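One structure is given here, and the rest of the page talks about it.
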Amino acid sequence: MSVVTRFAPSPTGFLHIGGARTALFNWLFAHHHGGRFLLRIEDTDLARSTEEAVDAIINGLKWLDITWDGDAVSQRSRMERHAQAARRLIDEGNAYHCYASPEELAEMREAARREGRSPVYDGRWRDRSPSEAPAGVRPVVRLKAPREGDTRIDDLVQGEVTVANRQLDDMVLLRADGTPTYMLAVVVDDHDMDITHVIRGDDHLNNAFRQLQLYRALGWEPPLFAHIPLIHGADGARLSKRHGSLGIEAYRDQGILPEAMCNYLLRLGWGHGDDEIIDREQATSWFDLDGVGRAPARFDVSKLLNVNAHYLRACDDKTLADLVSDRLRRSIPAPLAPDADARILKGMASLKLRAKTVAELSEMAHFYALDRPLPISPEAATLLTDDTKGLLRDLTQDLRNHTQWDGPSLESEVREFAGTRQPKARKLGEVAQPLRVALTGSKVSPPIFEVMEILGREETLARLTDVFE
RNA sequence: GACCCCAUCGUCUAGAGGCCUAGGACACCACCCUUUCAAGGUGGCGACACGGGUUCGAAUCCCGUUGGGGUCGCCA
């Protein structure tokens, strides 16, 4: 039997970190076993599901390169099939109509709580004759669940978990308006889609028992379950918007690379020895459920950033340069310098060693993209004194006679200038820092002689002249 | 409250009875390198929640305590 997994988000918001990891694990597991990975949108909650959320989820998955086989299935489109399954259960005596009012239900729960019992429905309509039905009340359909014994699941991550059936009540299958509940829909869809492994957050662990009962009532072979721990925020509490747990696209906007995000997510709750940097191919061959931990993991931005820095360094210059040029065009109101793209590309190799995100990279590439006159940051401007401006004037004069314009030759030229052509010998740093300020507008930049080479003779001289004139 | 799950450095984890005076990574600190910032290199700080068992021997097995998390909807 070939493996079939699925990711089944409800489109009530963006694709968040936890969902992305669940999707990744499902994808990896399916591909590891040469199986298929499906996508199903659980949009049965008509009130809360939105088209925007569907798009956000799909775009997020595409960005992460988590591809699904076949078309995404809309759960909503299958409502008739779900209802049909419920009707069959009624016909076979495994489900029944329940006319209990919301008030009755609330009372039941309250009473149970008072008496220290699990707050469950007491099954009062289980065996009553339909003739006793109150007039004018539309019933829900409930599963006639077993009342004795235990229900046990053999979870691939959590191990064997057992719960007493009296803790579980007769769950609602069809609402009073005839629409299917989540419990019914998931079971019917997973069965119809031939899902073999249900890998999902462990907030569903308790649902698994009820779903198992449903599978049995329907006479279907249940899938294998794997409930993975949830991701928590840095404070150990459940991840929420308050923690900056935004949609996955927010991380894209911050300049996280999708490969880095996947690598980070993979290592969150899963380990393979001491390995840290694991690409998709390697992950596919290594991934298995027994490597998944059982304790919730905390989301740690600094590690994400570190992994991202790694992927940034490994990424090819052209790809990054395009990303950066794009960002700069959007963030800088004035047109970029004519040579901006070429300079950014040439400078990328050393720029990318210094950044943790594409956003930072863009920040650092700023000075390559801008046209003259270059703005000088306030703290950098403090290095421009009468003394250093004089120094730069002399250096510029010197450089005008220098024709060979490459990093190494410029470096030896400037070293010589600093050491021997000044009234008193200067340390290289005394010249290099003001030079850096003049050429980049900042006290921090890639190696300054490399910058000179990339900027070119004319631009370098012009930027220098701007400073002391 | 009831039920279920979990528990190794601040964080992610390695560890499946002796290989553990507990390993790696991130973060942090120091030093080296150095024209700045990084990167890189070297070193440092730092954990088996607690208490009982079992065993010649326990981070690893069992029980309890504590702590954390999850679920208890005609939401998904």
Side-chain angles (χ1 to χ4, degrees), chain A residues 8-12 42-45 47-49 75 98 100 102 105-106 109 112-121 138-142 155 157-159 161-164 166-169 171-183 185-186 201-207 209 227 229-230 232 234 236-238 264 267-277 290 293-307 309 313 350-356 364 380 383 411 414-415 418 427-433 435-437 440 442-449:
Chain A
S10 58
T12 54
E42 310 233 311
D43 50 4
T44 52
D45 186 338
R48 294 199 303 155
S49 301
Q75 193 159 57
C98 167
L105 261 14
R109 280 192 279 271
R113 196 174 283 255
R114 246 190 338 258
E115 293 160 28
R117 291 180 292 113
S118 277
V120 292
Y121 167 68
R138 302 191 64 184
V140 298
V141 173
R142 286 181 184 270
D155 193 275
V157 170
Q158 305 291 341
V161 188
T162 305
V163 73
R166 64 186 158 72
Q167 301 293 339
L168 274 14
D169 59 5
M171 66 180 137
V172 173
L173 265 19
L174 250 32
R175 302 184 186 103
D177 66 3
T179 58
T181 60
Y182 162 78
M183 287 289 184
V186 190
D202 76 8
D203 50 337
H204 285 289
L205 183 57
N206 288 278
N207 291 334
F209 297 103
H227 289 93
L230 265 17
H232 288 180
R238 192 175 186 166
Y264 176 72
R267 284 286 293 103
L268 203 55
W270 179 86
H272 184 271
D274 286 342
D275 297 297
E276 295 287 346
I277 299 299
D290 51 17
R294 279 175 296 175
R298 299 185 188 198
F299 187 75
D300 179 16
V301 179
S302 69
K303 183 129 183 180
L304 203 214
L305 255 21
N306 177 273
V307 174
R313 274 175 257 145
S350 89
L351 241 22
K352 71 183 180 185
L353 294 178
R354 299 171 159 70
K356 291 201 186 312
M364 291 174 181
L383 286 190
E411 174 167 357
V414 175
R415 276 184 191 279
K427 279 192 272 189
L428 183 57
E430 291 180 67
V431 181
Q433 276 305 84
L435 181 56
R436 185 185 317 280
V437 170
T440 71
S442 161
K443 286 159 87 168
V444 175
S445 84
I448 197 60
F449 304 112

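Throughout, a chain's letter reflects where its sequence line sits, starting with A, and its residues are numbered from 1. None of these values were measured; they are calculated from a predicted model.
A pairwise comparison of heavy atoms in A/P446 and A/R436 identifies O-NH1, 3.2 Å as the closest pair. Of all heavy-atom pairs spanning A/V186 and A/E42, the tightest one is CG2-OE1, 4.1 Å. Of all heavy-atom pairs spanning A/A176 and A/V140, the tightest one is N-CG1, 3.6 Å. In terms of heavy-atom proximity, A/L383 sits nearest to A/Q433 at CD1-CB, 3.9 Å. Across all non-hydrogen atoms, the minimal contact from A/A355 to A/A309 is O-CB, 3.8 Å. Between A/L230 and A/D202, the shortest heavy-atom contact is CD1-N, 3.8 Å.
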After noting the C-alpha distance and the side-chain angles of A/V120 and A/Q167, does the key distance pass the side-chain contact (heavy atoms from CB on, under 4.5 Å) rule?
CA-CA 7 Å; A/V120 292; A/Q167 301 293 339; 5.9 Å; no
Go through the steps for A/D45 and A/T12 under the test side-chain contact (heavy atoms from CB on, under 4.5 Å), then give the verdict.
CA-CA 9 Å; A/D45 186 338; A/T12 54; 5.6 Å; no
side-chain contact (heavy atoms from CB on, under 4.5 Å), that's the test. Do A/F209 and A/V161 meet it? Break it down for me.
CA-CA 9 Å; A/F209 297 103; A/V161 188; 3.5 Å; yes
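Side-chain N/O atoms of A/R415 include one lying less than 4.0 angstrom from OP1 or OP2 on B/rU35. Proximity of A/R109 to the phosphate of B/rC72: no side-chain N or O atom is located under 4.0 Å from OP1 or OP2. At least one side-chain nitrogen or oxygen of A/N306 sits closer than 4.0 Å to the OP1 or OP2 atom of B/rA27. At the phosphate of B/rC6, OP1 or OP2 sits under 4.0 Å from a side-chain N or O atom of A/R294. Contact annotation: A/R313 reaches the phosphate of B/rG40 (side-chain N/O to OP1 or OP2, under 4.0 Å).
In a base pair of the Watson-Crick type (N1 to N3 plus N6-O4 or O6-N4) or a G-U wobble (N1-O2 and O6-N3), with each distance short of 3.5 Å, B/rA2 is matched with B/rU71. Nucleotide B/rA38 forms no Watson-Crick or G-U wobble pair with any nucleotide shown, as no partner meets the under 3.5 Å limit on both distances. Base pairing analysis places B/rU66 opposite B/rA7; the two distances defining the Watson-Crick or G-U wobble pair are each below 3.5 Å. Across all strands shown, nothing is found opposite B/rA14 as a Watson-Crick or G-U wobble partner with both distances under 3.5 Å. Partner assigned to B/rA22 is none, using Watson-Crick or G-U wobble distances below 3.5 angstrom. Figure legend. B/rC28 is base-paired to B/rG44; pairs are counted as Watson-Crick or G-U wobble with both atom distances under 3.5 Å.
B/rG17 and B/rA76 have their C1' atoms separated by 44 Å, given to the nearest Å. With both ends at atom P, the span from B/rU8 to B/rU60 equals 12 Å, rounded to whole Å. Separating the P atom of B/rA7 from that of B/rC12 is a span of 12 Å, rounded to the nearest Å. B/rA30 and B/rA39 have their P atoms separated by 15 Å, given to the nearest Å. If you take atom P in B/rU54 and the same atom in B/rG69, they sit 34 Å apart, rounded to whole Å. Comparing the P positions of B/rC31 and B/rG68 gives a spacing of 40 Å, expressed to the nearest Å. For the P atom pair drawn from B/rU65 and B/rG1, the interatomic distance equals 14 Å after rounding to whole Å. Nucleotides B/rU13 and B/rG46 have their C1' atoms positioned 15 Å apart, rounded to a whole Å.
Nucleic acid contact class of A/P447 (heavy atoms, under 4.0 Å, all strands): base. A/V172 comes within 4.0 angstrom of the backbone, heavy atoms only, and of no base. Nucleic acid contact for A/P9: none, since no nucleic acid atom lies under 4.0 Å from a heavy atom of the residue. In this structure, A/S350 reaches neither bases nor backbone, as no heavy-atom distance under 4.0 Å exists between it and the strands shown.
Atom P of nucleotide B/rC72 and atom CG of A/N207 are separated by 7 Å, given to the nearest angstrom. We find that NE2 of A/H227 is positioned 13 Å from P of B/rC6, with the value rounded to whole Å. Between A/L353 atom CG and B/rG40 atom P there is a gap of 9 Å when expressed in whole angstrom units. The CD1-P distance, from A/I448 to B/rC37, rounds to 13 Å in whole Å. At whole-Å resolution of the value, CG in A/L351 and C1' in B/rC37 are 11 Å apart. Whole-Å rounding puts the A/L173 CG to B/rA76 P distance at 12 Å. One interatomic measurement links the two molecules: CG of A/L174 to C1' of B/rG73, which rounds to 16 Å at whole-angstrom precision. Distance, A/E411 CD to B/rU36 P: 11 Å, rounded to whole Å.
Contact annotation: the side chain of A/K303 approaches that of A/E276 to within less than 4.5 Å [non-hydrogen atoms, C-beta and beyond]. By the 4.5 Å heavy-atom criterion applied to side chains, A/V172 and A/Y121 are not counted as neighbours. Looking at A/V157 and A/H227, their side chains never come closer than 4.5 Å, going by heavy atoms from C-beta outward.
Where A/K443 and A/E42 each meet RNA chain B at their nearest nucleotide, the meeting point lying more 5' is that of A/K443. Across the interface with RNA chain B, nearest-nucleotide mapping of A/F209 and A/T44 shows A/F209 to be the residue nearer the 5′ end.
Enclosure of atom CZ in A/R166 is not indicated, since only 12 or fewer non-hydrogen atoms of other residues, nucleotides or ligands lie within 6.0 angstrom.
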Polar pairs (N or O, both sides) under 3.5 Å between protein and nucleotides 13-16 of chain B?
residue, atom, partner, partner atom, Å
B/rU13, OP1, A/G269, N, 2.4

Return the polar atom pairs (N/O with N/O) between nucleotides 43-45 of chain B and the protein under 3.5 Å, or none.
none

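Contact annotation: side chain of A/K303 to base of B/rA27, donor-acceptor pair absent below 3.5 Å. Put simply, the side chain of A/R354 and the base of B/rC37 share a donor and an acceptor less than 3.5 Å apart. Between the base of B/rA25 and the side chain of A/D275 there is no donor-acceptor pair shorter than 3.5 Å.
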